[in-house]
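What you are looking at is a predicted structure, and each value in this text was computed from that prediction instead of being measured.
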Amino acid sequence: MQKIETATFFVAHLCAPVILLLWGNTLFAQNWTSVEPLPDNFRSDHSYGFSIDGTGYLVSGQTDSGYSDAFYSYDAAADAWTALEDFPGDARGYAIGDDWDGKAWFGFGQGTNGILNDLWVFDPATGNWEEKASCPCDARMHPAFVAIDDHIYVGLGNSASGDLNDWWEYDMESDTWSEKPTFPDTQRHHPYQFGIDGQVYVGFGHHSTEIFNEWYRYDPASESWTEMTTLPDQGRVAGAQFAHDGMGYALSGDGEGHTSMPTGEFWQFDPLNDSWTQWPAHPGMSRWAPSSFVINNEVYLINGMSMDPGTFDYMDTNWKLAMTPEISSDAGISEYLGETVICAAEPLNVAASLTNWGSDELTSVQLELVVDGSVVLEQNWEGNLASYQSAVVEMGAYAFDAATTVNVQITTPDLNPLNDAISASITASPEGTTQWLITLNTDNWGDETSWEIRDEGGSLVQQSGPNAYNNLTEYEIAVSLPSTGCFTFTLMDDYGDGMNGSQFNGVDGSCSIQALDGAEEPIAVIFDYDGSFPFFELDHQVNVNAAVGVNSVEWNEQAIVFPNPFSDVLFIGNIARGGNEITSIQVYNALGELVDQQTIQLNNSNSFGPLETVSWKPGIYSIRMEQGTHTRAFRAVKN
């Protein structure tokens, strides 16, 4: 069975970014307000949205009834939509457009007759569409498309033969096309793009299993490409974009793994400083292929699809955000970013995201952490935040006695106290023994699944290795941990869809861990994943507070690694527990990669070596040693 992504079955490629069993609360969407949905229950993806002279428009798109030629206008003052005469070209989805000098240009995409390369222009003064010269390029879906200075620049997208990286220029006056220098990076479809001050900006997008976050500028005068600052976040595809008041904006879209991001991310690009700034996310999870336009200094987010309803579906709610805040002085806590899981009584780092929701510059704020009604930490933040910009405030560490709810709050007065505090739940990690039983039921893509266990210092204790599992198979894996303490189990999927096989018409997998007693009987479930959601990595901390079974027998002497630090050779001493022991030695680097493994018969010897380490790179190495059911792990450093 293959995981297939096509224009008509895009939902098949849903994956998720890293999901942690830690959580934070967010008020980042607080300044977005809802607007009226379209009439006729028109819900769509890949519609083209634009605004001209204070009126918004939405045309075509793919709906749950197929490709559409519907055309609507939006009155912002009345918050009302009106159905217009249908678009006269082919009904379509995956199309693209841009407006220039009071007219909207639109084309490409896929319709019932196949993939398109046509071009149309809409004049709101007459209410008419006019067909222009088709591009002499490959017909394509969701390319880059930017109208600027009486020209249109089109490229990338995917054709019947695959993704493209060509680049074309259309002259509005002569109604002609000419080919230009190709895009300088990997071919891709559904990028983000906009034009600012005579320059064209293009980037992000998707090709094969890659989701990009690189960003480029095309200069029409010199016909040259320049790589700009990469988005300081995960790659993304199939969002909305626009330029406004000299800035560019990337709104929503799918993240890495081609699935909804946890929040509706919104980023501002400053072309003068070549920099990105995160803005307030729209409510809910991010959306695949929404539309947007700007009216009266407010940006509108319309339609699209998302995992937000619990399954991948069309969105009924539309939103708008004022590009300039109405309140002058408004500092707010937008998210709790600290650690939230107590493990082995270690102090937790406390941090929060401070956002300037006001129109005035924010330069200083006093924050405090309140636990059970008492202020336990205080922090004075000083800096420089423009409207909608955020900063992470590190408040220090605090040792929590037990699970509780905490508040981070601002004590500096401003004009909006409603966003001055945020709560977070502090939970305790499950408690377990040194004996675990991992039960793994793979989905239809078992070779994508792997796992590892690390101790509280980050050293690798045990791992499955890549490509270790078959499809649709149950595995029971016994694990003996070397000691008590805080351990992190990480379940990994290298495709990014977790074990959520049902989204590809397959079978969901699962993974659970039970803690065992000295008789190897289960006493507690300490981890349980049911395959219902995607992930790249799923981290779970366990407080191992009881040594049971064979692990309760201590080796009389601590193993010695010498020399430590080492250079070209490494010896291990004091490793025999007595008699002729068969000992397995595995060495992992800091990335968890196996760099050496040996099985030896000690023959009454108490040491082993040398290990040849000339090819090992400088860094920290984790050495795992097993004798029967006894396991120990320790570290060594290569200079």
Side-chain angles (χ1 to χ4, degrees), residues 38-40 42-63 65-76 80-155 157 168-177 193-195 240-242 289-295 300 302-303:
L38 278 86
D40 311 318
F42 185 78
R43 306 185 308 165
S44 63
D45 60 83
H46 291 91
S47 293
Y48 167 43
F50 61 96
S51 63
I52 297 176
D53 295 333
T55 298
Y57 297 90
L58 195 79
V59 61
S60 293
Q62 182 172 241
T63 72
S65 300
Y67 299 127
S68 173
D69 57 7
F71 188 28
Y72 296 91
S73 66
Y74 175 75
D75 184 331
W81 293 89
T82 301
L84 303 176
E85 185 177 344
D86 288 344
F87 168 66
D90 288 1
R92 67 190 67 197
Y94 311 101
I96 191 72
D98 199 5
D99 63 275
W100 177 256
D101 196 25
K103 296 181 180 180
W105 297 80
F106 173 68
F108 298 90
Q110 181 173 17
T112 54
N113 295 318
I115 303 177
L116 303 163
N117 64 344
D118 57 352
L119 180 66
W120 296 76
V121 61
F122 172 71
D123 186 348
T126 63
N128 295 327
W129 289 91
E130 178 185 357
E131 187 171 10
K132 309 299 268 186
S134 295
C135 182
C137 56
D138 289 346
R140 65 196 65 201
M141 298 176 287
H142 34 52
F145 186 114
V146 176
I148 192 167
D149 293 341
D150 297 322
H151 291 79
I152 299 173
Y153 297 90
V154 175
W168 294 79
E169 179 185 76
Y170 172 78
D171 188 312
M172 296 179 186
E173 183 177 355
S174 63
D175 191 26
T176 58
W177 292 86
Q193 68 276 312
F194 42 71
Q241 63 278 303
F242 61 93
S291 303
S292 68
F293 48 71
V294 177
I295 301 175
Y300 289 75
I302 308 297
N303 288 358

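- At a cut-off of 3.5 Å, with distance as the only test, a side-chain donor of N303 or S44 sits close to an acceptor on the other residue.
- Across all their heavy atoms, A70 and D86 have their closest contact at CA-OD1, 3.8 Å.
- For D150 and W100, the side-chain atoms include at least one donor-acceptor pair closer than 3.5 Å.
- Heavy atoms of other residues, nucleotides or ligands lying less than 6.0 angstrom from NZ of K103 number 12 at most.
- In terms of heavy-atom proximity, D69 sits nearest to A91 at N-CB, 3.7 Å.
- Heavy atoms only, all atoms of each residue included: G107 and A95 are closest at O-CB, 3.5 Å.
- Considering all non-hydrogen atoms of both residues, V294 and S51 come closest at O-OG, 2.6 Å.
- Within the model, atoms CG of N117 and CE of M141 stand 13.0 Å from one another, a figure rounded to the nearest 0.5 Å.
- The minimum heavy-atom distance between W120 and P88, with the atom names listed, is CZ3-CG, 3.7 Å.
- For Y57 and F122, the ring centers sit closer than 6.0 Å to each other.
- Every residue two or more places apart in sequence or in another chain that forms a side-chain contact (heavy atoms from CB on, under 4.5 Å) with Q193 is listed here: I96, A144, V146, P191, V202, Q241.
- Note that CD1 of I52 and CG of D99 are 5.5 Å apart. Values are rounded to the nearest 0.5 Å.
- Under the 4.5 Å side-chain criterion, counting only non-hydrogen atoms from C-beta, D90 is in contact with N113.
- Once rounded to the nearest 0.5 Å, the distance linking CD of Q110 with CG of L116 reads 8.0 Å.
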Going through the distances and angles, do R92 and F108 end up as a side-chain contact (heavy atoms from CB on, under 4.5 Å)?
CA-CA 9 Å; R92 67 190 67 197; F108 298 90; 5.7 Å; no
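- The aromatic rings of H142 and H46 are tilted relative to each other, their planes meeting at an angle between 30° and 60°.
- Distance check, rounded to the nearest 0.5 Å: CH2 of W177 to CD1 of I152 gives 6.0 Å.
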Check step by step if ring pair (Phe, Tyr, Trp, His ring centres under 6.0 Å) holds for Y300 and Y74.
CA-CA 11 Å; Y300 289 75; Y74 175 75; 5.3 Å; yes
Passes side-chain contact (heavy atoms from CB on, under 4.5 Å), K132 versus Y170? Steps please.
CA-CA 10 Å; K132 309 299 268 186; Y170 172 78; 3.6 Å; yes
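- Residues S60 and S47 have side chains not in contact (no heavy-atom distance under 4.5 Å, counting atoms from C-beta outward).
- Looking only at side-chain heavy atoms (C-beta outward), I302 and L58 come within less than 4.5 Å of each other.
- Within the 4.5 Å cutoff, no side-chain heavy atoms of I115 are placed close to those of D138.
- Atom CG of L119 sits about 7.5 Å away from atom OG of S134, to the nearest 0.5 Å.
- Counting only N and O atoms by type, the side chains of Y48 and D98 include no donor and acceptor under 3.5 Å apart.
- Between Y72 and F42, the two ring planes are tilted [angle within 30° to 60°].
- Across every non-hydrogen atom of S291 and A240, the tightest pair is C-CB, 4.3 Å.
- The distance from the CH2 atom of W81 to the CG atom of D40 is 12.0 Å, given to the nearest 0.5 Å.
- Checked against the 6.0 Å centroid criterion, the rings of W129 and F71 qualify as a close aromatic pair.
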Steps toward side-chain contact (heavy atoms from CB on, under 4.5 Å) verdict (D171, T176)
CA-CA 5 Å; D171 188 312; T176 58; 3.9 Å; yes
Starting from the C-alpha separation in whole Å, work towards a yes-or-no answer on side-chain contact (heavy atoms from CB on, under 4.5 Å) for D118 and E131.
CA-CA 8 Å; D118 57 352; E131 187 171 10; 4.0 Å; yes
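- Checking side-chain atoms of T63 against main-chain N and O of G66 turns up a donor-acceptor pair under 3.5 Å.
- Between F106 and F50, the gap from one ring centroid to the other reaches at least 6.0 Å.
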